[in-house]
Amino acid sequence: MSLETPALDSNISSLLQQITEEGGYAFTSMATRAAAGDNRAAEASRELAWEQLHSGPWHSVASIWRDAYSMACLHVAKFHYASGDFKLALKALDMGLIMGGFTLRDDLNLCIGKVTAALRASDGEGHKVNEWYKDFSLAEASRSLPAKSLSSKTVGKKCRLSLEGFLLEHFVAGSPVIISDSMNHWPAKDRWNDISYLKKVAGFRTIPVEVGKHYLSPDWKQELIPFSEFLDRIQSGDCSSANTTYLAQHQLFDQIQELKKDIVIPDYCFAGGGEMRSINAWFGPPGTVTPLHHDPHHNILAQVVGKKYIRLYPASLSEELYPHSESMLCNSSQVDLDNIDEEEFPKIVDLEFVDCILEEGEMLYIPPKWWHYVRSLTSSFSVSFWWSNEENAMAL
């Protein structure tokens, strides 16, 4: 019983040479022993690569160390798989996908397919449908929204908007719009409302989550946990801000191929002749918040499960929205819309905005640089598609 790693087998000599040239003599020694069957050396090589990944800012780490980490994760996974510990094998492979490079990604996905099949074969749980939420009260949900919500202009909604209409009326004009009835053919529409399906497909996988109110809060942190534990946290109903767990802006569909098959890139994302930048998952309980910020790309936010409140301000109002001065946070506002300090931020009080409740099965187009605040009103699973046209890409 073994895992096949064709890319590693054909590239190991050249990879070890590059690692050695980066000063990774100890890693090369451990990886060579791991390839020969030394389990302890495999664990040691993973620890050495992990230390290199955290030796400085992510962008400054030589890319070969990401491949080194993937290599070590493959060696570790092989030993766990051979001993029948499929969960530890899968965790090692997921860490290789999350933190590793691209050279050995095909091997990682190949092994993940084999390990997940073994796990499902050993999992005797029956399949049952389990909806995320049943009752929803708009009046109750509205009490948690920022002041003046749903009292002004709302985002326009169009059913089955043609690509030509999208281009002329929204893409070129830079105008937000809700598009309905364009996701009916997605398998995710039915499957992701079934908690049991998500646990069956991805329950054993390791994912990065955010814990806390949001990324600007002092209590915010990140954790790596099994997807099944994440689902259990959502179902537990603990929505206190300190314990809120959110899978946010993660390229989940590159990591878990089965879920990628459940979605379809909207045709609108090919407007402008540009290219896809990223497809991200946003998944969490009621009350998860993404604070007021803007992004550089065209964005379609597809609401697969649940409901979200979204408020938008045009890019022309950036100065009045008090962006952070720090370069890392310059696309985020200093204003907490849930608790506005009117003395410190007086300009925002009377600013016009548009907002909406994005319903299950709807998509929202957010033009580049438009500021937006997002709050989940129910348990919610959304997918964002970021793309750039040629002009947009050159400006980045």
Side-chain angles (χ1 to χ4, degrees), residues 130-157 176-180 183 188-189 192-195 198 209-217 219-220 230-249 281-293 299-313 333 335-340 348-349 351-366 370-384:
N130 194 346
E131 294 181 345
W132 282 110
Y133 67 95
K134 295 179 180 178
D135 300 320
F136 173 75
S137 168
L138 178 58
E140 183 177 340
S142 296
R143 288 197 286 269
S144 66
L145 298 180
K148 302 182 181 180
S149 295
L150 304 174
S151 64
S152 185
K153 297 178 181 178
T154 57
V155 181
K157 185 180 299 189
V177 64
I178 293 173
I179 305 168
S180 61
M183 294 167 53
K189 278 268 286 153
W192 293 3
N193 264 299
D194 180 359
I195 300 169
L198 294 174
V209 296
E210 301 179 359
V211 181
K213 183 179 179 181
H214 53 65
Y215 65 84
L216 296 177
S217 301
D219 64 347
W220 180 87
F230 169 66
L231 296 177
D232 290 341
R233 289 190 191 184
I234 294 177
Q235 287 186 279
S236 72
D238 184 358
C239 295
S240 63
S241 60
N243 296 314
T244 298
T245 304
Y246 195 17
L247 193 158
Q249 199 172 329
W282 307 81
F283 190 7
T288 53
V289 170
T290 302
L292 189 61
H293 71 289
N299 181 7
I300 279 185
L301 181 65
Q303 190 64 24
V304 184
V305 175
K307 306 169 187 282
K308 279 184 171 174
Y309 169 81
I310 302 166
R311 177 180 292 195
L312 302 114
Y313 296 86
S333 172
V335 181
D336 180 357
L337 287 185
D338 295 314
N339 186 25
I340 298 176
I348 198 173
V349 176
L351 285 185
E352 288 192 1
F353 58 84
V354 293
D355 62 0
C356 66
I357 291 179
L358 192 64
E359 302 281 354
E360 194 167 293
E362 295 180 340
M363 301 177 180
L364 171 65
Y365 169 60
I366 304 174
W370 271 65
W371 293 79
H372 48 288
Y373 161 99
V374 185
R375 173 181 282 271
S376 296
L377 303 179
T378 66
S379 294
S380 169
F381 199 162
S382 314
V383 183
S384 63

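- Contact annotation: the side chain of F283 approaches that of F230 to within less than 4.5 Å [non-hydrogen atoms, C-beta and beyond].
- Of all heavy-atom pairs between T288 and T245, the closest is CG2-O, 4.5 Å.
- A donor-acceptor contact shorter than 3.5 Å is absent between the side chain of S380 and the backbone of G306.
- Scored by the ring-ring contact (aromatic ring centres under 6.0 Å, His included) test, W371 finds H294 as partners (sequence neighbours excluded).
- In this structure, K157 and V155 have side chains that are not in contact, with every pair of non-hydrogen atoms separated by 4.5 Å or more.
- I234 places none of its side-chain heavy atoms less than 4.5 Å from the side chain of I195.
- Expressed to the nearest 0.5 Å, how far OH of Y246 lies from OG of S376 amounts to 4.5 Å.
- The two residues W282 and T290 make their nearest non-hydrogen contact at CZ3-OG1, 4.0 Å.
- Considering CD1 of I357 and OG of S142, their distance stands at 6.0 Å, rounded to 0.5 Å.
- A pairwise comparison of heavy atoms in P285 and T244 identifies CG-CG2, 4.2 Å as the closest pair.
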Kindly determine whether N299 and W370 satisfy side chain to side chain contact (heavy atoms under 4.5 Å, CB included), including the steps that lead there.
CA-CA 10 Å; N299 181 7; W370 271 65; over 6 Å; no
Take L358 and V374 through the test side chain to side chain contact (heavy atoms under 4.5 Å, CB included) and record every step on the way to the result.
CA-CA 10 Å; L358 192 64; V374 185; over 6 Å; no
Any chance you could lay out the side chain to side chain contact (heavy atoms under 4.5 Å, CB included) test for T154 and D355, step after step, and finish with the verdict?
CA-CA 5 Å; T154 57; D355 62 0; 4.0 Å; yes
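- S379 places none of its side-chain heavy atoms less than 4.5 Å from the side chain of V305.
- No close placement of the F353 and Y373 rings is indicated, their centers lying 6.0 Å or farther apart.
- By the salt bridge (charged side-chain N to carboxylate O under 4.0 Å, His left out) test, E140 pairs with no residue at all, sequence neighbours left out.
- Shortest non-hydrogen contact noted between T378 and K307 is OG1-N, 3.0 Å.
- Inspection of the Q303 and S382 side chains reveals an N or O donor paired with an N or O acceptor under 3.5 Å.
- Once rounded to the nearest 0.5 Å, the distance linking CG of L247 with CZ of F381 reads 7.0 Å.
- Taking 4.5 Å as the limit, every side-chain heavy atom of K308 sits out of range of all side-chain heavy atoms of R375.
- Residues A302 and M183 come closest through the heavy atom pair CB-SD, 3.9 Å.
- Looking only at distances, a side-chain donor or acceptor of K148 sits under 3.5 Å from a matching main-chain atom of V349.
- A heavy-atom distance below 4.5 Å is found between the side chains of R311 and S149.
- Between S384 and L301, the shortest heavy-atom contact is CB-CD1, 4.1 Å.
- In this structure, the separation between OH on Y313 and NE2 on H372 is 13.5 Å, given to the nearest 0.5 Å.
- To the nearest 0.5 Å, atoms CD (E359) and CG (L377) are separated by 8.5 Å.
- The shortest distance between side-chain heavy atoms of L337 and V289 does not fall below 4.5 Å.
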